[in-house]
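Since this is a predicted model, take the numbers as computed values, not measurements.
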Amino acid sequence: MLNSKKQPAHSILLVSGTLFALIFLFFWRSVSTKAEWLTQLDQSLNHLIRSDLKEPFIKFFKVFTDLGGTMILTLFSVLLFLFLWKTKGLLFSLWAGFTLLLGELVLPQIVKHIELRPRPLDKLISISGYSFPSGHAAGSTAFYGLTALILILFFLKKAWQKWIIGILAFLLISLIMFSRVYLGVHYPSDVFAGFSLSASLLSFSFYFLFKSPILQRS
């Protein structure tokens with residue numbers, strides 16, 4: 001029944017997945033060619049976001065940046081996998097786990113090690129690795145976005161509950177992305193690209209879910 005109700009959404013998922021993929025590729029191309037417009041965008045947004053750094057805000061955003069870190073996301077992903085295995089079955093949990101593996105680790109790391117973009121110099125926290133795309137932005141979009149969509153589509157019944165979960169997920173992802181720029185470990189273009197990468201992944205992944213027999217077996 002759910003699959004038939006979601007038939008009209010299939011084309012929307014394909015369009016959104018393609019759109020976000022093109023946005024990501026546009027940022028990637030611009031980073032690779034050191035496009036002037038991108039340099040100006042990063043400089044302007046950096047100046048706007050980081051013009052008045054204050055210790056209370058630094059501590060505040062460190063909390064949110066940790067919520068998008070590898071250790072936290074890995075722990076949360078394992079818990080989500082186990083929850084979905086119990087409530088929706090093994091195939092469904094494997095689909096979710098594979099999507100999260102791609103969004104949190106595989107895709108961002110592949111691009112990072114192809115592009116090799118250095119991080120900004122004025123970092124407020126110690127961190128290694130490359131800058132483009134933001135793994136925190138990609139990972140948090142993948143995990144919190146996937147979790148919110150699963151709750152909205154398969155568990156929550158009331159519209160107000162779905163709206164609250166959607167808004168909270170969006171705010172959390174946005175704060176994690178903002179924290180990466182505020183703490184000086186990413187350029188704004190890094191977090192936009194990370195978000196676009198995982199937003200595209202989620203769109204295509206849910207398209208596959210609704211087209212596959214996974215739902216009938218869950």
Colleague: Could you tell me if the ring centre of Phe92 sits under 6.0 Å from that of Phe154?
Modeller: yes

Colleague: For Phe155, enumerate each residue passing the ring-ring contact (aromatic ring centres under 6.0 Å, His included) test, keeping only those at least two apart in sequence or located in another chain.
Modeller: Phe83

Colleague: Mind checking the CD1-OG1 spacing from Ile23 to Thr18? Nearest 0.5 Å is all I need.
Modeller: 11.0 Å

Colleague: Once you round to the nearest 0.5 Å, how far does OG of Ser140 lie from CD of Glu104?
Modeller: 9.0 Å

Colleague: Identify, with sequence neighbours excluded, every residue that meets ring-ring contact (aromatic ring centres under 6.0 Å, His included) alongside His113.
Modeller: Tyr130

Colleague: As an exercise, state the distance from OG of Ser179 to CD1 of Ile58, rounded to the nearest 0.5 Å.
Modeller: 12.0 Å

Colleague: Going by the angle between their ring planes, with limits at 30° and 60°, are Tyr207 and His10 parallel, tilted or perpendicular?
Modeller: perpendicular

Colleague: Supply the atom-to-atom distance Thr99 OG1 to Phe143 CZ, rounded to the nearest 0.5 angstrom.
Modeller: 13.0 Å

Colleague: Could you tell me if the side chain of Leu168 sits less than 4.5 Å from the side chain of Tyr144, heavy atoms only?
Modeller: no

Colleague: Give me the atom names and distance for the closest heavy-atom approach of Leu156 to Lys162.
Modeller: O-CE, 3.1 Å

Colleague: Would you say Lys112 and Pro133 make side-chain contact, with heavy atoms under 4.5 Å?
Modeller: yes

Colleague: Could you see if Phe60 belongs to whatever hydrophobic cluster contains Tyr182? Use Ile, Leu, Val, Met, Phe, Trp, Tyr and a side-chain cutoff under 4.5 Å.
Modeller: yes

Colleague: Please step through side-chain contact (heavy atoms from CB on, under 4.5 Å) for the pair Leu183 and Lys62, ending with a clear verdict.
Modeller: CA-CA 8 Å; Leu183 296 174; Lys62 281 182 178 179; 4.2 Å; yes

Colleague: Got Leu146 and Phe206 here, is their nearest side-chain heavy-atom distance under 4.5 Å?
Modeller: yes

Colleague: Please enumerate all residues that pass ring-ring contact (aromatic ring centres under 6.0 Å, His included) together with Trp37, with sequence neighbours excluded.
Modeller: Phe26

Colleague: Do Phe81 and Ile214 sit in the same hydrophobic cluster, where Ile, Leu, Val, Met, Phe, Trp and Tyr count as joined when their side-chain heavy atoms come under 4.5 Å apart?
Modeller: no

Colleague: Is the side chain of Ser44 donor-acceptor paired with the backbone N or O of Leu41 at a distance under 3.5 Å, no angle test?
Modeller: no

Colleague: Can you check whether Trp95 reaches Phe208 side chain to side chain, under 4.5 Å on heavy atoms?
Modeller: yes

Colleague: Looking at Arg119 and Asp190, does any basic side-chain N land under 4.0 Å from a carboxylate oxygen?
Modeller: no

Colleague: Are the side chain of Ser134 and the backbone N or O of Val191 linked by a donor-acceptor pair below 3.5 Å?
Modeller: no

Colleague: Please determine whether residues Leu197 and Phe98 belong to a single hydrophobic cluster, defined as Ile, Leu, Val, Met, Phe, Trp and Tyr linked transitively by side-chain heavy-atom distances below 4.5 Å.
Modeller: yes

Colleague: Just by distance, do the side chain of His136 and the backbone of Thr65 share a donor-acceptor pair under 3.5 Å?
Modeller: yes

Colleague: Do Leu45 and Val181 come within less than 4.5 Å of each other through their side chains, counting heavy atoms only?
Modeller: no

Colleague: Is it possible for you to say whether Phe64 and Tyr187 belong to one hydrophobic cluster, with membership spreading through side-chain heavy-atom contacts below 4.5 Å?
Modeller: no

Colleague: Would a single hydrophobic cluster contain both Ile173 and Leu19, if residues Ile, Leu, Val, Met, Phe, Trp and Tyr are joined by side-chain heavy-atom contacts under 4.5 Å?
Modeller: yes

Colleague: So do Ile110 and Glu115 actually touch side chain to side chain, heavy atoms under 4.5 Å?
Modeller: no

Colleague: Is there a donor-acceptor pair closer than 3.5 Å between any side-chain N or O of Ser174 and the backbone N or O of Phe170?
Modeller: yes

Colleague: Just so I know, are the side chains of Leu124 and Arg50 near enough to count as touching, which here means a heavy-atom distance under 4.5 Å?
Modeller: yes

Colleague: To the nearest 0.5 Å, what is the distance between CG (Leu80) and CD1 (Ile150)?
Modeller: 5.5 Å

Colleague: Salt bridge or not between Asp66 and Lys59? Use side-chain N to carboxylate O under 4.0 Å.
Modeller: no

Colleague: Given side chains that start at C-beta, do those of Phe24 and Val111 come closer than 4.5 Å, heavy atoms only?
Modeller: yes

Colleague: Measure the acute angle between the ring planes of Phe192 and Phe27, then classify it against the limits of 30° and 60° as parallel, tilted or perpendicular.
Modeller: tilted

Colleague: Output yes when a side-chain donor or acceptor of Asp42 lies under 3.5 Å from a complementary backbone atom of Ser189, and no otherwise.
Modeller: yes

Colleague: Check whether any side-chain N or O of Ser198 sits under 3.5 Å from a backbone N or O of Ala138 as a donor-acceptor pair, and report yes or no.
Modeller: yes

Colleague: Would you compute the distance between atom CD of Gln43 and atom CG of Leu38 and round it to the nearest 0.5 angstrom?
Modeller: 10.0 Å

